[in-house]
Amino acid sequence: MTDPTQDPYAAYAAMRSACPVQAVSAGSGERTSYLVTGYAEAREALADARLSKDTAAFFAGKGSPRRLHPAVAHTMLATDPPEHTRLRKLVTKAFTTGAVTHLRPFITRVTDELLDQWTAGEPFDLMAGLAVPLPVIVICELLGVPQADRSEVRRWSEELFAAGQPDVIDAASHSLADYMTGLIAAKRRTPGSSLLDQLISARDGDDRFSEEELVSLAVLLLVAGHETTANFLGNALLALLQHPAELHRLQQKPDDLPAALDELLRFDSPVSTATFRYTTEPVTLGGTDIPAGTPVLIALGAANRDPQRFPSPDLLELDRDAAAHLGFGHGIHRCVGAPLAKAEAEIALRALLTRFPEIRLAVPPDRLEWRHTRLVRGLASLPVTLR
């Protein structure tokens, strides 16, 4: 039997063919949720204002043993307009295509430095050696996180996605929030020019932007700024290694890489399930009636393999027009860091394919270990080698 962690797509297909929107239960006594696996239904749900992301309102008065730090529990991702609009406006400029262009030389230099550590002929864990550290270094540089703190920050971020370990997640949320609170205080004493410094200036000059929101925004940018990109890189390279003809094509024409990124994102999405939403009134989605006050889980990975939208979805076809994929979400909550993620992936994959044309998997695909996480889909390690 196929491990659903390794390959969830067969299970997604079975659910989607039965019904693209269906009720699911997490277990005895648990609240019923609705899972969306169809593309059209997912896209509609992502843009529907009747599906709220205000987790504080949803869980108010329900009681929970969890002790997530408020800065992690109530980020910009867990708000609706007008709060979401106000907070997103503060960071959008930092992630425009133009702003990311200025970061490209830095991303290229870091990529080369990481790959310089690879000894030809020896196995190399692409996750530990490139896919994880590259986006960590980039987002830490952007935010102004000191070099000495980055390994600890990375560990806390990884622990936030420790599925089935609520105590670990809760402790990591407090560690990250406490760290960011301290870093903000240090930057107020010694200002710099980083994105975090700019947010501090905005906070100190605007009564509508609270200190709690500043800490929350900083934590969100740090975590979201590298977790998904690391998985994007790992999943994309694995897909290419398992499709030699497409890999060879990109090696022959590396300038085709930017156009291929959307198909790589569609084929094995680094975010498997969109963040929490619930209905604020009765909603009919894909012919299914969903009562008010009900959680709705949107399976982005399933939607991106819907044959109604992407014919032969289980094939990697780099010349496919996959720009409408939902790997970055859709609507007002679409990933603000998408231009940065694509730039990092393009630069890293181009360097790999150019410098190491004989790159190969070092283990059979069924021996690869996947991370057990709730929201993201990514590899724990990706051993590769030259031969």
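With hydrogens and angles ignored, the 3.5 Å screen pairs a side-chain donor or acceptor of Ser194 with a backbone N or O of Asp197. Side chain of Glu263 to main chain of Glu317: a donor-acceptor pair is present (N/O by atom type, distance under 3.5 Å, no hydrogens or angles).
For the side-chain contact (heavy atoms from CB on, under 4.5 Å) criterion with Thr111, the lone passing option out of Asp116, Leu349, Leu134, Val138 is Leu134. When each of Leu241, Leu238, Leu130 is tested with Val384 by the rule side-chain contact (heavy atoms from CB on, under 4.5 Å), just one qualifies, namely Leu241.
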**Prompt:** Going through the distances and angles, do Tyr9 and Asp314 end up as a side chain to side chain donor-acceptor pair (under 3.5 Å)?
**Reply:** CA-CA 8 Å; Tyr9 297 109; Asp314 297 329; over 6 Å; no

**Message:** Evaluate Arg277 against Asp48 for salt bridge (Lys or Arg N to Asp or Glu O under 4.0 Å), listing each step before the verdict.
**Reply:** CA-CA 10 Å; Arg277 285 169 169 78; Asp48 193 329; over 6 Å; no

**Prompt:** Do Asp262 and Arg320 pass the salt bridge (Lys or Arg N to Asp or Glu O under 4.0 Å) test, and can you show the C-alpha distance, the side-chain angles, and the key distance before you say yes or no?
**Reply:** CA-CA 9 Å; Asp262 284 324; Arg320 183 199 303 267; over 6 Å; no

**Prompt:** Given Ser173 and Asp170, is the side chain to side chain donor-acceptor pair (under 3.5 Å) satisfied, shown in steps?
**Reply:** CA-CA 5 Å; Ser173 75; Asp170 291 350; 5.1 Å; no

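The aromatic rings of Tyr39 and Phe310 sit perpendicular, their planes meeting at an angle over 60°, well past the 30° parallel limit. The aromatic rings of His174 and His69 sit perpendicular to each other, their planes meeting at more than 60°, with 30° as the lower class boundary.
In plain terms, the two heavy atoms of Ala260 and Leu318 that are nearest each other are CB-CD2, 3.9 Å.
Residues Phe276 and Phe58 place their aromatic rings such that the two centres sit under 6.0 Å apart.
Interatomic distance, Arg188 CZ to Ser201 OG, rounded to the nearest 0.5 Å: 9.0 Å.
Applying the side chain to side chain donor-acceptor pair (under 3.5 Å) test to every pair with at least one member in residues 229-254, sequence neighbours left out, gives no pairs at all.
For Ser52 and Asp80, the side-chain atoms include at least one donor-acceptor pair closer than 3.5 Å.
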